[in-house]
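Worksheet: the structure to be examined is printed underneath.
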Amino acid sequence: MKETTRIGIIICDRYRTCAGGKCLRAMRNREGAFSVYANINLELVGYTTCNGCPGGNIEYTGEEMVKNGVDVIHLATGMIVGYPPCPYIRTFIDFIANRYGVKVVVGTHPIPKKYIDLHTSLGTWSDSSWTPLIEPAMSDEETRKAYD
């Protein structure tokens with residue numbers, strides 16, 4: 001029997017009406033940041049927003065997800081591809097990991113090509129500190145185009 005990893009997803013409140021289609025598709029197809037779970041069963045135990053800047057829901061949603069058995073909390077790709085990218089993302093990572101002792105991954109679905117093109121032209125991710133944040137959601141160009 002395959003191991004099961006329980007996933008929580010927190011999205012940027014700018015996208016609060018998002019139905020989660022790209023995130024759930026990537027989870028089902030093991031694309032983007034979910035590619036590391038190729039041979040593992042995944043169970044979604046929570047999906048919510050940060051509740052807007054400065055992320056007032058991060059404290060409470062993390063606690064709820066942990067109560068529901070979450071193993072890994074993913075901060076959705078929208079937090080890094082929206083403009084501007086989430087200014088609190090590093091704070092969220094540190095808080096969730098330290099407060100709840102769970103792994104935090106930045107990214108869900110692959111970064112769509114149109115966002116790579118935009119942020120490259122703007123120089124948004126040119127600072128090397130962005131590399132580890134965007135890396136989990138990077139994919140090959142064909143996959144990125146499929147998420148445009």
Is there a donor-acceptor pair closer than 3.5 Å between any side-chain N or O of [X] and the backbone N or O of [Y]?
{"X": "Asn29", "Y": "Glu31", "result": "no"}
{"X": "Thr120", "Y": "Ile116", "result": "yes"}
{"X": "Lys22", "Y": "Tyr147", "result": "yes"}
{"X": "Thr5", "Y": "Leu42", "result": "no"}
{"X": "Ser139", "Y": "Pro110", "result": "no"}

Report yes if the side chains of [X] and [Y] come closer than 4.5 Å at any heavy-atom pair, otherwise no.
{"X": "Glu135", "Y": "Trp130", "value": "no"}
{"X": "Val72", "Y": "Arg6", "value": "no"}
{"X": "Thr49", "Y": "Ile10", "value": "no"}
{"X": "Leu75", "Y": "Val104", "value": "yes"}
{"X": "Leu44", "Y": "Ile9", "value": "yes"}

Given the rule that I, L, V, M, F, W and Y join up when any side-chain heavy atoms are under 4.5 Å apart, are [X] and [Y] in one cluster?
{"X": "Val36", "Y": "Met27", "value": "yes"}
{"X": "Val105", "Y": "Val45", "value": "no"}
{"X": "Ile111", "Y": "Ile11", "value": "no"}
{"X": "Met65", "Y": "Ile58", "value": "yes"}

Checklist entry - If you link I, L, V, M, F, W and Y whenever their side-chain heavy atoms are under 4.5 Å apart, who else ends up in the same group as Tyr60? => result none

Checklist entry - side chain to side chain contact (heavy atoms under 4.5 Å, CB included) with Glu64: which residues, sequence neighbours excluded? => result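 If we apply the side chain to side chain contact (heavy atoms under 4.5 Å, CB included) test to Glu64, skipping adjacent residues, the hits are Asn68.
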
Smallest separation among heavy atoms of [X] and [Y], with atom names:
{"X": "Leu133", "Y": "Val106", "result": "O-CG1, 3.3 Å"}
{"X": "Thr108", "Y": "Cys23", "result": "OG1-SG, 3.0 Å"}
{"X": "Pro132", "Y": "Pro136", "result": "O-CD, 3.4 Å"}

Item to check | Set of side chain to side chain donor-acceptor pair (under 3.5 Å) partners for Thr124, sequence neighbours left out | outcome: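 His119.
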
Checklist entry - Of all residues at least two apart in sequence or in a different chain, which pass the side chain to side chain donor-acceptor pair (under 3.5 Å) check with Asp148? => result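 In terms of side chain to side chain donor-acceptor pair (under 3.5 Å), with neighbours along the sequence ignored, Asp148 is linked to no residue.
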
Can you tell me how far apart [atom1] ([X]) and [atom2] ([Y]) are? Round to the nearest 0.5 Å.
{"X": "Cys18", "Y": "Leu24", "atom1": "SG", "atom2": "CG", "value": "8.5 Å"}
{"X": "Ile73", "Y": "Ile7", "atom1": "CD1", "atom2": "CD1", "value": "9.5 Å"}
{"X": "Arg99", "Y": "Glu63", "atom1": "CZ", "atom2": "CD", "value": "6.0 Å"}

Item to check | salt_bridge(Asp117, Lys113) N-O dist < 4.0 Å | outcome: yes

Item to check | Lys/Arg N to Asp/Glu carboxylate O, Arg16 vs Asp13, below 4.0 Å | outcome: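 Asp13 and Arg16: salt-bridged.
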
Item to check | Pairs touching residues 14-36 that satisfy ring-ring contact (aromatic ring centres under 6.0 Å, His included), sequence neighbours left out | outcome: Phe34-His74

Side chains of residues 79-98: which donor-acceptor pairs under 3.5 Å do they make with residues two or more places apart or in other chains?
residue, atom, partner, partner atom, Å
Arg90, NH2, Ser129, O, 3.3
Arg90, NH2, Ser129, OG, 3.1
Asn98, ND2, Asp94, O, 2.8

